[in-house]
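Structure first, commentary second.
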2 protein chains.
Amino acid sequence: MRIGELAAQAGMTRDTIRFYEKVGLVTGRRLPNGYRDFPPETVAWLQYVRTAQALGFSLAEIARNGEALREAPDTAEALSLLFEEKLQVIDSRIAELTTLRADLALRVGTGCPLRPTGGVLPGRTP
Amino acid sequence: MRIGELAAQAGMTRDTIRFYEKVGLVTGRRLPNGYRDFPPETVAWLQYVRTAQALGFSLAEIARNGEALREAPDTAEALSLLFEEKLQVIDSRIAELTTLRADLALRVGTGCPLRPTGGVLPGRTP
DNA sequence: CTAAACAGTGGACTACGCTCCAAGGTCAAG
DNA sequence: CTTGACCTTGGAGCGTAGTCCACTGTTTAG
């Protein structure tokens, strides 16, 4: 699969994919003419990248655990593990937001809603 | 209140506050010697800025609705409204994450967890 | 009076994640 | 054989959110 099709399938631009290659997020074979050639799984990988990004992971982090994946004895199992980790990240994110929500809800309707209630900004974990 | 104390109280550096002033997030009176002088409420405002940031709002957005606040007839009420809006943002964020969570949970333990299940990446709303 | 602790300015620099561009190579259709 | 779609590279530029620095001015304590 050449870059244009991959870009179309993954919903991003060719430039973005080239950039991802530069930072080690995707790895390309080359055709004899120098064109990049990607295996079809790359589409799924890029979708995963988007998911991980939505969870607040940086490209560097994603690339790092992509590395780990490639070196794992059982890829499927390793991925499952990774996903379980992300589940925890999601859960603590939700917890954070829930705290924030409660905090905000308290202030709605108060005379001076700006007064601190404590516990704001727990710090970015990822 | 001079910049150093404000910085200490709000938990950020003087440079950050000067930067925030530059982008219009805080507005400073000046003492006769040229030093910035902030009213005590600025501490609360900066805490609010941090909260809004944690919700994914950009400084520009925060500055914009800070503007709106200053022009509101009833500041407290306006803030309450703002907070209610943010509550909705939090709620849809949580919903997003919940969807993502379910999606991910599905893939954990599957033979090929990378296969798309649909509905990944709903797009950043803020 | 001097030293330390504060304040001010402008400008350079960083990291991240792209995005765009120019100049050129490759390939299939007509 | 040309046209157009596609590909290559390198490098520049951008927006966001700071961070750091040098140099200078002000205030306060000993």
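Each chain gets a letter, A, B and so on, in the order its sequence line appears, and its residues count up from 1.
Taking CD1 of B:Ile62 as the start and OH of B:Tyr20 as the end, the distance is 7.5 Å to the nearest 0.5 Å. To the nearest 0.5 angstrom, B:Leu100 atom CG is 9.0 Å from A:Leu87 atom CG.
A:Met12 has its CE atom 18 Å from the C1' atom of C:dC20, to the nearest Å. Following rounding to the nearest Å, B:Leu31 (CG) and D:dT26 (P) show an atom-to-atom distance of 13 Å. The distance between atom CD1 of A:Ile17 and atom P of D:dC6, rounded to the nearest whole Å, is 14 Å. B:Phe19 has its CZ atom 14 Å from the C1' atom of D:dC20, to the nearest Å. Note: CE (B:Met1) to P (C:dC6) measures 15 Å, nearest angstrom.
Distances shown here put a side-chain N or O of B:Tyr20 below 4.0 Å from the OP1 or OP2 atom of D:dG18. For C:dC18, neither phosphate oxygen OP1 nor OP2 lies less than 4.0 angstrom from any side-chain nitrogen or oxygen of A:Thr13. For A:Ser58 and C:dA15, the shortest distance from a side-chain N or O to OP1 or OP2 is not below 4.0 Å.
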Once each nucleotide of nucleotides 7-12 of chain C is scored for protein heavy atoms under 4.0 Å, what B/S/- sequence comes out, 5' to 3'?
-> SSB---

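If you run side-chain contact (heavy atoms from CB on, under 4.5 Å) between A:Arg36 and each of A:Arg29, A:Glu21, A:Arg14, only A:Glu21 comes through.
Cation-pi contact between B:Lys86 and B:Phe57: present, with separation from the ring centre below 6.0 Å and deviation from the ring axis of at most 45°.
Between the side chain of A:Asp37 and the backbone N or O of A:Arg2, no donor-acceptor pair lies under 3.5 Å.
For A:Arg50 and A:Gln47, the side-chain atoms include no donor-acceptor pair closer than 3.5 Å.
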